[in-house]
Protein chains: 2
Amino acid sequence: MLLAAAMEVVDTHGAGAFSMRALGAFLDVDPTAMYRHFATKNALLDALTDTVIRGVEELPETDDPRRDIRENFRQLRRSLLAHPTLAPLVLRRPPGVGAYWERADHAVAQLHRAGMDPADAANVYQTLLFYTLGHTLSEARQLARAVEREGAGARGGPVAAVRPPAEHHPDLSDAAPHLREENEAQFLAGLDLILRDLPR
Amino acid sequence: MLLAAAMEVVDTHGAGAFSMRALGAFLDVDPTAMYRHFATKNALLDALTDTVIRGVEELPETDDPRRDIRENFRQLRRSLLAHPTLAPLVLRRPPGVGAYWERADHAVAQLHRAGMDPADAANVYQTLLFYTLGHTLSEARQLARAVEREGAGARGGPVAAVRPPAEHHPDLSDAAPHLREENEAQFLAGLDLILRDLPR
DNA sequence: ACCTGAACACCGTTCAAGT
DNA sequence: ACCTGAACACCGTTCAAGT
């Protein structure tokens with residue numbers, strides 16, 4: 001399928017190296033043949049990002065709303081990190097686009113179940129979504145650079161330590177060691193911070 | 001100054017239309033003359049994004065830490081929205097880059113002053129930063145599309161309502177009206193959610 | 001020290017022509 | 001219905017040459 005081939009090219013060489021000509025070469029087809037199926041390169045990229053937002057995992061339905069919400073956003077994070085060079089392009093999709101509906105409805109339903117009114121649920125959902133996007137897209141950056149340099153499967157070096165000039169930023173250097181923690185744990189800590197009023 | 005001219009071209013026609021040739025035409029200079037001052041187009045864009053992260057406003061120092069922290073991130077939001085087509089490119093800058101230090105130190109210092117230990121302060125800071133980036137870059141998208149269509153100063157239409165197919169997403173449609181609120185208020189509500197344990 | 005201009009190896013997209 | 005191939009109007013970047 002055309003989208004699958006496009007995703008393979010993106011994951012192998014990075015979204016920066018993706019072009020209609022590169023995709024044509026991969027499919028052994030004239031570079032202009034794709035215009036029968038997608039009006040523009042942008043439309044093709046939008047379709048790719050929608051499949052990343054949607055992901056491949058089932059949304060969980062247990063009896064623990066807090067756990068289910070956490071898992072919803074962990075899934076989004078995993079899907080974005082699986083395609084790190086494509087991840088930043090999800091920002092071109094409005095949050096009202098189809099691919100987000102399932103996640104939005106799932107999260108809002110769990111928040112409702114946990115006793116929140118619609119206004120609070122909407123606020124918490126959006127905060128979780130934007131936090132997840134900001135955190136994960138920042139995280140994807142270093143992974144993406146490794147892919148664009150070394151090709152698919154690159155692991156990206158160890159997370160660089162944050163080293164501010166100590167003389168100028170005394171408070172920051174006390175906190176700096178904690179800014180370097182492993183990213184998954186850091187991500188979950190932020191989720192829990194936002195969800196800390198939910199029953200656990 | 002070269003950077004100021006580049007920023008003007010970006011703000012007028014959008015980052016998508018920015019090219020070395022366009023900048024050369026704007027400055028009435030050969031398109032390759034810029035390579036004396038910046039090694040690549042990417043280096044030039046990185047310098048531009050750093051000035052956006054830094055912004056033009058003074059960080060506040062009142063006797064209210066919570067207020068100062070809110071203002072820190074509102075400043076970042078305002079600066080990003082002032083250059084909406086450039087905003088997504090801040091994701092290429094690692095959070096440890098120079099332009100973030102001032103904001104990081106300021107926020108961590110205020111959190112410390114409010115009684116937080118370094119580990120909690122680091123967690124809250126990162127959550128606030130990534131939330132702000134996610135929220136603001138999503139918000140910048142519609143502004144950016146207006147600029148790329150109509151040129152500088154475009155206001156971008158009213159915020160599109162989120163209209164999920166009601167039959168499929170009952171919980172979401174209860175919350176949907178609250179997803180459409182004016183963006184500044186929504187942004188601040190998220191900040192307060194993350195900061196709700198701070199003394200006010 | 002800085003700018004110029006030709007050149008190279010690319011782009012996205014259109015369109016007439018083929019099967 | 002789908003693919004081809006030439007063509008158009010662009011790119012970033014290098015490098016020898018000029019002042």
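Each chain gets a letter, A, B and so on, in the order the sequences are listed, and its residues count up from 1. Fair warning: this is a prediction, and the values are worked out from it, not measured in the lab. The figures here come from the full heavy-atom set of this structure, side chains too, leaving out hydrogens, waters and symmetry mates.
A:Leu137 is not listed as a side-chain neighbour of B:Phe130, based on a closest heavy-atom distance of 4.5 Å or more. Contact of the A:Leu191 side chain with the A:Thr132 side chain is registered, since non-hydrogen atoms from C-beta on lie closer than 4.5 Å.
Each of A:Arg21 and B:Asp30 lies near DNA chain D, and the nucleotide nearest A:Arg21 is the one positioned closer to the 5' end. The nearest heavy atom of DNA chain C to A:Arg36 and to A:Phe18 marks one nucleotide each, and the one closer to the 5' end goes with A:Phe18.
Checking the phosphate oxygens (OP1, OP2) of D:dT13, no side-chain nitrogen or oxygen of B:Thr32 falls inside 4.0 Å. Between B:His37 and C:dC3 there is a side-chain N or O to OP1 or OP2 distance below 4.0 Å.
Side-chain proximity of A:Tyr35 to D:dT4, D:dG12, C:dT13: nearest is C:dT13. Proximity note for B:Lys41 (side chain, C-beta onward) versus D:dG12, D:dT4, C:dT4: the nearest is D:dG12.
Within a 6.0 Å sphere centred on CD of B:Glu58, other residues, nucleotides and ligands contribute 12 heavy atoms or fewer. The number of heavy atoms from other shown groups lying within 6.0 Å of CZ (B:Arg145) does not exceed 12.
The separation between A:Phe38 atom CZ and C:dT13 atom C1' is 16 Å, rounded to whole Å. Straight-line distance from the CG atom of B:Leu23 to the C1' atom of D:dG12: 13 Å, rounded to whole Å. B:Met20 has its CE atom 17 Å from the C1' atom of C:dC11, to the nearest Å. Distance CG (A:Leu27) to P (D:dC2): 15 Å, rounded to an integer number of Å. In this structure, the CG atom of A:Asp28 is 12 Å from the P atom of D:dG5, given to the nearest Å. Summarising the geometry, the separation between CE on B:Met34 and P on C:dA1 is reported as 21 Å, rounded to the nearest angstrom. Put simply, NE2 on A:His13 is 14 Å from P on C:dC10, counting in whole angstrom units.
Looking at B:Thr40, its side chain has no donor and acceptor atom pair within 3.5 Å of the base of D:dG12.
If you check D:dG12 for Watson-Crick or wobble pairing at under 3.5 angstrom, you find it paired to C:dC8. Pairing for D:dG18 goes to C:dC2, judged as Watson-Crick or G-U wobble with the two contacts each under 3.5 Å.
For the residue pair A:Asp30/A:Thr32, the side-chain donor-acceptor check at 3.5 Å is satisfied.
As rounded to the nearest Å, D:dA9 and C:dA9 have P atoms that lie 22 Å from one another.
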